[in-house]
2 protein chains.
Amino acid sequence: MRASVSPDTSPPRGHEAKRLSIVDAAAGVFCREGFAGANIDLIAAEAGVSRQTVYNHHGDKEKLFMAVVRDLTDRCNVGIFATIATFPDQPGDLEADLIGFAVRLNQNCICNRDGKFLRKLIQTEGERYPQLFAEWREQGPGTTWPAIAARFARLAYGGYLTIDDPDVAARQFFGLVNAELQTTFMLGGTPREDEVVQSATNGVRTFLRAFGRRPSPGNVKKHTALANA
Amino acid sequence: MRASVSPDTSPPRGHEAKRLSIVDAAAGVFCREGFAGANIDLIAAEAGVSRQTVYNHHGDKEKLFMAVVRDLTDRCNVGIFATIATFPDQPGDLEADLIGFAVRLNQNCICNRDGKFLRKLIQTEGERYPQLFAEWREQGPGTTWPAIAARFARLAYGGYLTIDDPDVAARQFFGLVNAELQTTFMLGGTPREDEVVQSATNGVRTFLRAFGRRPSPGNVKKHTALANA
DNA sequence: GACGATTTAGACAAGACTGTCTAAATTTAT
DNA sequence: ATAAATTTAGACAGTCTTGTCTAAATCGTC
């Protein structure tokens with residue numbers, strides 16, 4: 001149970017750094033070339049290590065691939081939850097706040113390096129590793145969608161929106177907000193910031209036309225008053 | 001100008017059939033294995049021809065790949081335009097008719113064999129062949145989106161919808177209607193029919209909450225009367 | 001400065017794949 | 001039936017890749 005020699009920094013300092021740089025390089029190469037086309041020599045070169053070191057760390061091309069997917073999933077999840085934390089629970093300007101949230105999520109989680117890579121690996125190799133990607137599905141969408149849906153539910157409870165099913169609304173929010181980016185995403189491209197903003201703006205406007213406060217105008221005041229009490 | 005020997009059936013009967021079966025088999029293998037992982041021996045075996053025949057017909061792995069993408073694009077386009085032709089221009093029950101259209105488009109164009117394959121090839125190899133996929137972009141989305149947008153515009157002109165920008169509305173329609181299928185699409189899966197119907201139903205309802213006839217209730221009658229005149 | 005762990009370069013065997021070639025077999029149309 | 005075109009099976013050279021092995025070099029720490 002107790003560590004006899006060294007406390008818990010057993011691996012030398014550079015060890016983990018190399019591991020990281022290998023996984024990073026591997027992510028890029030796997031994305032560009034696909035699993036079959038990925039060349040371990042090239043990964044080693046891009047990581048700045050020798051081929052043998054790659055094998056020392058990960059043992060196997062397939063194991064390396066799995067490490068890449070798991071790492072990307074973890075890092076993306078961190079980013080997504082950090083962004084969800086910025087969801088406007090008590091919005092001043094609902095439209096502007098939701099647009100801001102959508103843009104943040106796109107820029108920080110979907111369109112950044114990790115997001116792009118993870119998405120591509122899922123698309124290209126998902127069918128080859130059902131177990132690995134079942135894991136991703138649980139860890140990723142399985143945890144993030146409910147979290148987002150909960151935020152929309154709270155917004156509805158606060159009287160800012162009129163929503164039947166928060167889970168459906170959450171997914172539709174994304175469908176709308178990314179509606180104009182689909183073709184770019186398909187080809188693996190990164191939309192320009194103004195495209196992201198444009199799509200988010202149009203999407204949020206439509207979303208609010210559908211779900212914006214409808215029933216009684218007094219509703220909101222009542223709820224906000226309660227929240228401020 | 002005139003065909004001297006044989007009218008225009010120059011190639012023997014089985015020739016084109018073999019070409020087709022090669023392209024078909026190649027589509028499946030390229031999708032499953034990726035370009036680099038695709039094995040020409042395997043393609044030949046699945047097509048039921050010898051490897052040499054594959055080379056006789058297409059010359060080269062890369063040329064074969066391009067032939068596959070072009071064939072799929074063509075066939076998908078045919079399907080999409082056939083489905084667009086069933087767009088409800090003068091709907092009886094607008095909600096039901098739009099749901100039907102969305103479901104048809106998904107089942108006949110997006111989720112069928114050709115649609116799945118083309119989508120996957122674009123996702124996985126799009127970045128490797130910029131020119132080829134620029135071609136696809138023109139031939140595919142470049143022609144189908146305007147056609148669909150035109151149908152929505154007509155629906156708006158007929159007073160059935162209140163739409164600012166038909167192009168945006170068309171893309172948002174798809175974002176909504178496929179909102180609940182994204183994860184399945186990502187992993188290359190085929191959603192069950194009831195999932196397609198469910199997502200389409202929820203999507204169309206939201207779409208109509210946003211774009212359904214709003215301004216004056218008399219609007220519709222006037223326009224339909226005109227159309228019937 | 002010395003020790004243990006890690007990393008490196010390079011060689012290596014085994015296997016897989018592409019694309020070509022040839023000669024025989026088969027199909028198609030006349 | 002015959003002639004032309006097409007297809008087939010198989011061998012083949014050349015290239016590439018993975019994963020292992022070894023001996024030397026380097027790093028981090030005491």
Side-chain angles (χ1 to χ4, degrees), chain A residues 3-26 28-68 124-125 128-129, chain B residues 2-68 124-125 128-129:
Chain A
S4 47
V5 183
S6 53
D8 69 316
T9 58
S10 322
R13 277 140 189 77
H15 196 70
E16 192 59 18
K18 288 210 189 281
R19 199 201 122 86
L20 242 280
S21 99
I22 291 169
V23 171
D24 255 30
V29 175
F30 278 132
C31 281
R32 279 208 314 277
E33 318 287 349
F35 179 83
N39 180 322
I40 298 223
D41 283 343
L42 181 58
I43 293 174
E46 287 198 13
V49 303
S50 74
R51 177 176 59 246
Q52 188 57 47
T53 301
V54 176
Y55 283 105
N56 286 346
H57 276 267
H58 296 99
D60 195 312
K61 192 178 183 182
E62 199 156 306
K63 290 205 194 74
L64 172 57
F65 178 76
M66 292 184 176
V68 167
T124 58
E125 312 292 344
R128 194 193 311 283
Y129 302 94
Chain B
R2 65 213 150 95
S4 49
V5 182
S6 53
D8 69 317
T9 58
S10 322
R13 276 139 189 77
H15 195 71
E16 192 59 20
K18 289 211 189 279
R19 199 200 123 86
L20 242 279
S21 99
I22 291 169
V23 171
D24 255 30
V29 175
F30 278 132
C31 281
R32 280 208 314 278
E33 317 288 348
F35 179 82
N39 180 321
I40 298 221
D41 283 343
L42 181 58
I43 292 174
E46 287 199 14
V49 304
S50 74
R51 175 175 61 246
Q52 186 58 48
T53 300
V54 175
Y55 284 105
N56 286 345
H57 274 268
H58 297 99
D60 195 308
K61 192 179 183 182
E62 200 155 306
K63 290 204 194 75
L64 172 57
F65 179 78
M66 293 185 175
V68 167
T124 58
E125 312 292 345
R128 194 191 311 283
Y129 301 93

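All of these numbers come straight from a predicted model, not from anything done at the bench. Naming: A, B, ... by sequence-line order, numbering from 1 per chain.
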Which part of the nucleic acid does [X] contact within heavy-atom distance under 4.0 Å: base, sugar-phosphate only, or nothing?
X     : answer
B:A44 : nothing
B:A36 : nothing
B:H57 : sugar-phosphate

According to a strict under-4.0 Å criterion, is [X] in side-chain N/O contact with OP1 or OP2 of [N]?
X     : N      : value
B:T53 : D:dT8  : yes
B:K18 : C:dT28 : no
B:N39 : C:dT18 : yes

Can you measure [X] atom [atom1] to [N] atom [atom2] for me and round it to whole angstrom units?
X     : N      : atom1 : atom2 : answer
B:R19 : D:dT7  : CZ    : P     : 12 Å
A:I43 : D:dG19 : CD1   : P     : 11 Å
A:N56 : C:dA9  : CG    : P     : 13 Å
B:I40 : C:dT18 : CD1   : P     : 5 Å
A:E33 : D:dT18 : CD    : P     : 11 Å
B:R51 : D:dA9  : CZ    : P     : 11 Å
A:H58 : D:dT18 : NE2   : P     : 15 Å
B:D41 : C:dT18 : CG    : C1'   : 9 Å

Report yes if the side chains of [X] and [Y] come closer than 4.5 Å at any heavy-atom pair, otherwise no.
X     : Y     : answer
B:L64 : B:I22 : yes
B:E33 : B:N39 : no
B:R19 : B:H58 : yes

From [options], pick the nucleotide closest to the side chain of [X]?
X     : options                : answer
B:K61 : C:dA11, C:dG19, D:dT18 : C:dG19
B:Q52 : C:dG19, D:dG10, D:dT7  : D:dG10
B:Y55 : C:dT20, D:dT8, D:dT18  : C:dT20

**Request:** For a side-chain contact (heavy atoms from CB on, under 4.5 Å) with B:H57, tell me which candidate from B:K63, B:K18, B:E16 qualifies.
**Result:**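 Single pass found, and it is B:K18.
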**Request:** Using the side chain to side chain contact (heavy atoms under 4.5 Å, CB included) rule, take B:F30 and B:E125 through it: C-alpha gap first, then chi angles, then the decisive distance, then the call.
**Result:** CA-CA 10 Å; B:F30 278 132; B:E125 312 292 345; over 6 Å; no
